[in-house]
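Numbering of residues begins at 1 and proceeds along the displayed sequence. In what follows, every heavy atom counts, from backbone to side chain, and hydrogens, waters and symmetry copies are set aside.
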Amino acid sequence: MTEPALPRTLARPVDHELVIRKSRFLAHLEPVRDTAAADAVVARLRKEFWDARHHCVAMVLGVRADQARSSDDGEPSGTAGVPMLEVLKHRGMTDVVAVVTRYFGGVKLGAGGLVRAYSGAVSAALDEAAGSGAILRREILHEVEVPVPHADAGRIDNVLRDWAGSHGAIVAEPAYDAVARLRLLVPGAHLESLRSGLAAASAGTLVPEVGDSRVVDVA
């Protein structure tokens, strides 16, 4: 089973400054989980840069990037928030708020100039994020538990770790009760491979128990 590709997100906030004809465009991108968190970021930046003329905003939210909002904050309609939003969508980002704070430099840029400036500031910030490893991809992984007799736990744990390293899986914290419960997060496309690998390593006695799926951010 192959899961559909998900939008990406940020691991941490990113800042970038663009200067065009004496106007300063301060782009701030930050990971957020909901509109309340995004609004709090905007409010914080308004307070920090209280003397700036504009604080234009674009945000994309949701696992499938199905929620979006933007604001021109006094710039001519369609010249700031929407171009910023289009950059976030085009670059496949979600759960991110972008705020571009503008200090006016005394020279009007015109509608086209503003569109290029605001979209360019967000695009440059994303380039910086990509270059510094701050962009995370997202995957749908399945929770898998493998009940193993305690006597075999060490050997099977090594087998699973080796397998996980070559199949994009994540080894989770095990649990111990009557048996050792070894745990993994596994891409759907590799579940059958895990079953086969476990069967081969245990003469057919071990079978993975597949539970819920969840979205995981991966560096």
Side-chain angles (χ1 to χ4, degrees), residues 1-14 29-35 37-38 59-68 85-97 126-219:
M1 143 181 33
T2 301
E3 306 289 357
L6 296 176
R8 302 175 300 168
T9 193
L10 288 177
R12 56 184 177 273
V14 177
L29 276 58
E30 189 164 328
V32 291
R33 290 294 182 180
D34 52 37
T35 54
M59 66 182 76
V60 183
L61 301 168
V63 172
R64 301 288 180 185
D66 52 2
Q67 303 172 53
L85 185 60
E86 288 304 312
V87 172
L88 293 178
K89 289 181 174 180
H90 180 72
R91 299 285 284 268
M93 301 300 295
T94 193
D95 287 342
V96 172
V97 60
L126 287 173
D127 288 343
E128 194 165 307
S132 65
I135 293 182
L136 299 175
R137 75 179 190 276
R138 284 181 163 175
E139 294 185 5
I140 297 175
L141 300 181
H142 297 264
E143 297 175 353
V144 175
E145 188 170 277
V146 182
V148 181
H150 288 288
D152 296 326
R155 180 178 67 85
I156 298 300
D157 181 69
N158 288 333
V159 169
L160 292 177
R161 288 179 184 277
D162 288 344
W163 181 89
S166 59
H167 290 82
I170 297 172
V171 177
E173 192 69 24
Y176 297 94
D177 44 39
V179 295
R181 299 187 178 278
L182 307 181
R183 292 169 172 166
L184 300 169
L185 296 171
V186 181
H190 296 309
L191 287 172
E192 191 54 46
S193 169
L194 176 61
R195 292 187 183 96
S196 300
L198 272 175
S202 66
T205 61
L206 297 180
V207 178
E209 298 175 356
V210 181
D212 295 334
S213 61
R214 57 180 161 120
V215 175
V216 178
D217 293 341
V218 182

Quick one, Val171 and Leu160 - any side-chain contact, counting heavy atoms below 4.5 Å? no
Closest approach of Gly168 and Glu139, non-hydrogen atoms and distance? O-OE1, 4.2 Å
As a quick check of understanding, evaluate side-chain contact (heavy atoms from CB on, under 4.5 Å) for Leu10 and Glu30, giving each step before the final call. CA-CA 7 Å; Leu10 288 177; Glu30 189 164 328; 5.8 Å; no
Is the backbone of Leu85 close enough, under 3.5 Å, to the side chain of His90 for a donor and an acceptor to pair up by distance? no
Which distance, rounded to the nearest 0.5 Å, do you find between the OG1 of Thr205 and the CD1 of Ile156? 7.5 Å
To the nearest 0.5 Å, atom CG of Leu191 lies from atom CG of Leu184 at 10.0 Å
State, to 0.1 Å, how close Ala153 and Ala180 come at their nearest heavy-atom pair, and which atoms those are. CB-CB, 3.7 Å
What are the two closest non-hydrogen atoms of Leu141 and Pro187, and how far apart are they? CD2-N, 3.6 Å
Test item: Arg8 side-chain N/O and Arg91 main-chain N/O as donor-acceptor pair under 3.5 Å: yes
From Arg12 CZ over to Leu29 CG, what is the distance, rounded to the nearest 0.5 angstrom? 12.5 Å
To the nearest 0.5 angstrom, please state how far the CE atom of Met59 sits from the CG atom of Asp95. 11.5 Å
Looking at Asp34 and Ala37, what are the two nearest heavy atoms and their distance? OD1-N, 2.8 Å
Can you tell me how far apart CD1 (Ile135) and CG (Asp217) are? Round to the nearest 0.5 Å. 12.5 Å
Counting N and O atoms only, with roles assigned by atom type, does the side chain of Arg155 sit under 3.5 Å from a partner on the main chain of Ala201, one being a donor and the other an acceptor? yes
Shortest non-hydrogen separation from Leu126 to Leu88 and the atoms involved: CD1-CD2, 4.3 Å
On a heavy-atom basis, which atom in Val63 and which in Arg138 lie closest, and how many Å separate them? CA-NH1, 4.4 Å
Describe, in one word, how the ring planes of His190 and Trp163 are oriented to each other, choosing from parallel (under 30°), tilted (30 to 60°) and perpendicular (over 60°). perpendicular
Could you tell me if the side chain of Leu185 sits less than 4.5 Å from the side chain of Glu143, heavy atoms only? yes
Would you call Arg181 and Pro147 a side-chain contact if the rule is heavy atoms closer than 4.5 Å? yes
Quick one: does Thr94's side chain have a donor or acceptor within less than 3.5 Å of a partner on Gly62's backbone? yes
From Asp162 CG over to His167 NE2, what is the distance, rounded to the nearest 0.5 angstrom? 11.0 Å
Side chains of Val179 and Val148: closer than 4.5 Å at any heavy-atom pair? no
Decide yes or no on side-chain contact (heavy atoms from CB on, under 4.5 Å) for Thr9 and Val96, but give the supporting numbers first. CA-CA 7 Å; Thr9 193; Val96 172; 3.9 Å; yes
